[in-house]
Amino acid sequence: QVQVVECGGGLVQAGGSLRLSCAASGRRFSSDAMGWFRRAPGQEREFVACINWNGTSTYYGDSVKGRFTISRDNAKNTVSLQMTSLKPEDTAVYYCATRDSPHGGLLPLHYDAWGQGTQVTVSS
């Protein structure tokens with residue numbers, strides 16, 4: 001089965017930056033779109049960003065546009081989320097996901113393999 005593992009979460013002050021990484025294995029990574037979602041305390045899972053199979057197309061949730069950047073390295077089977085200008089409302093568990101399609105999706109149901117999540121906490 002597909003395995004997805006996130007890392008890079010942590011505690012950061014508002015205005016700071018973090019870079020999350022995700023590694024996927026078990027199927028042809030270079031053919032699959034990847035996405036990042038997050039779940040804040042008391043909230044539903046929220047779309048953050050996605051990237052298509054070759055990194056030529058990206059899409060971001062409105063709350064993170066201009067602050068977060070998704071990228072991928074198909075040679076390493078990894079996808080990253082560079083987060084800048086972090087706000088306390090960015091505090092959440094961040095999940096990496098993949099789907100058996102070259103094109104990204106905006107809903108959790110579009111993805112069929114998920115990591116366990118990594119905690120990002122942004123302090124005031």
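FYI, the numbering just counts along the sequence from 1.
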Answer yes or no: is there a donor N or O on one side and an acceptor on the other, between the side chain of Arg72 and the main chain of Asn52, under 3.5 Å?
yes

Looking at Thr98 and Ala33, would you say the former's side chain and the latter's main chain have a donor-acceptor pair under 3.5 Å?
yes

Can you name the nearest heavy-atom pair linking Leu20 to Gly9, along with the distance?
CD2-N, 3.5 Å

Disulfide bond (SG atoms under 2.5 Å apart) contacts touching residues 55-124 (sequence neighbours left out):
Cys22-Cys96

Heavy-atom closest contact (Tyr111 atom, Gly105 atom, distance):
OH-O, 2.7 Å

Quick one: list whatever passes side-chain hydrogen bond (donor to acceptor under 3.5 Å, both in side chains) with Gln3, sequence neighbours left out.
none

Atom CZ of Arg38 and atom CG of Leu81: how far apart are they, to the nearest 0.5 Å?
9.5 Å

Pair Asp62 + Lys65: basic N to acidic O under 4.0 Å
yes

Counting distance only, does the side-chain N/O of Asn54 pair as donor-acceptor with the main-chain N or O of Pro102 below 3.5 Å?
no

Does any part of the side chain of Leu86, heavy atoms only, come nearer than 4.5 Å to the side chain of Phe68, both counted from C-beta?
yes

Quick check against the 3.5 Å criterion: does Arg99 have a side-chain atom that pairs as donor or acceptor with the backbone of Gly35?
no

Show the numbers, then the answer: is there a side chain to side chain contact (heavy atoms under 4.5 Å, CB included) between Lys76 and Ser21?
CA-CA 11 Å; Lys76 298 180 179 180; Ser21 295; over 6 Å; no

Main-chain N/O of Ser25 paired with Asn77 side-chain donor or acceptor, under 3.5 Å
no

Dump the intermediate steps for side chain to side chain contact (heavy atoms under 4.5 Å, CB included) on Leu106 and Cys50, then the final yes or no.
CA-CA 7 Å; Leu106 306 183; Cys50 64; 4.3 Å; yes

OG1-CG distance between Thr78 and Asp73, expressed to the nearest 0.5 angstrom
4.5 Å

Can you tell me which residue among Gln119, Arg39, Met83 is in a side-chain contact (heavy atoms from CB on, under 4.5 Å) with Tyr94?
Met83

Is the cationic atom of Arg67 (NZ for Lys, CZ for Arg) positioned less than 6.0 Å from the six-membered ring centroid of Tyr60 and within 45 degrees of its normal?
no

So, the side chain of Glu6 versus the backbone of Gly117: is there a donor-acceptor pair under 3.5 Å, distance only?
yes

same_hphob_cluster(Val12, Val64) at 4.5 Å side-chain heavy-atom cutoff:
yes

Of all heavy-atom pairs between Ile51 and Ile70, which one has the smallest distance, and what is that distance?
CG2-CD1, 3.7 Å

Stepwise side chain to side chain contact (heavy atoms under 4.5 Å, CB included) test for Trp36 and Val79
CA-CA 9 Å; Trp36 286 96; Val79 62; 4.0 Å; yes

Using ring pair (Phe, Tyr, Trp, His ring centres under 6.0 Å) as the criterion, list what pairs up with Phe47, not counting sequence neighbours.
Phe37

Could you report the tightest heavy-atom contact between Ala113 and Val2, atom names first, then the distance?
CB-CG1, 3.7 Å

Side chain to side chain, Arg19 and Ser71, heavy atoms closer than 4.5 Å
yes

d(Met34 CE, Asn74 CG) to nearest 0.5 Å is 9.5 Å

Chi angles and distances behind the side chain to side chain contact (heavy atoms under 4.5 Å, CB included) call for Asp90, Val120
CA-CA 8 Å; Asp90 294 318; Val120 173; 5.5 Å; no

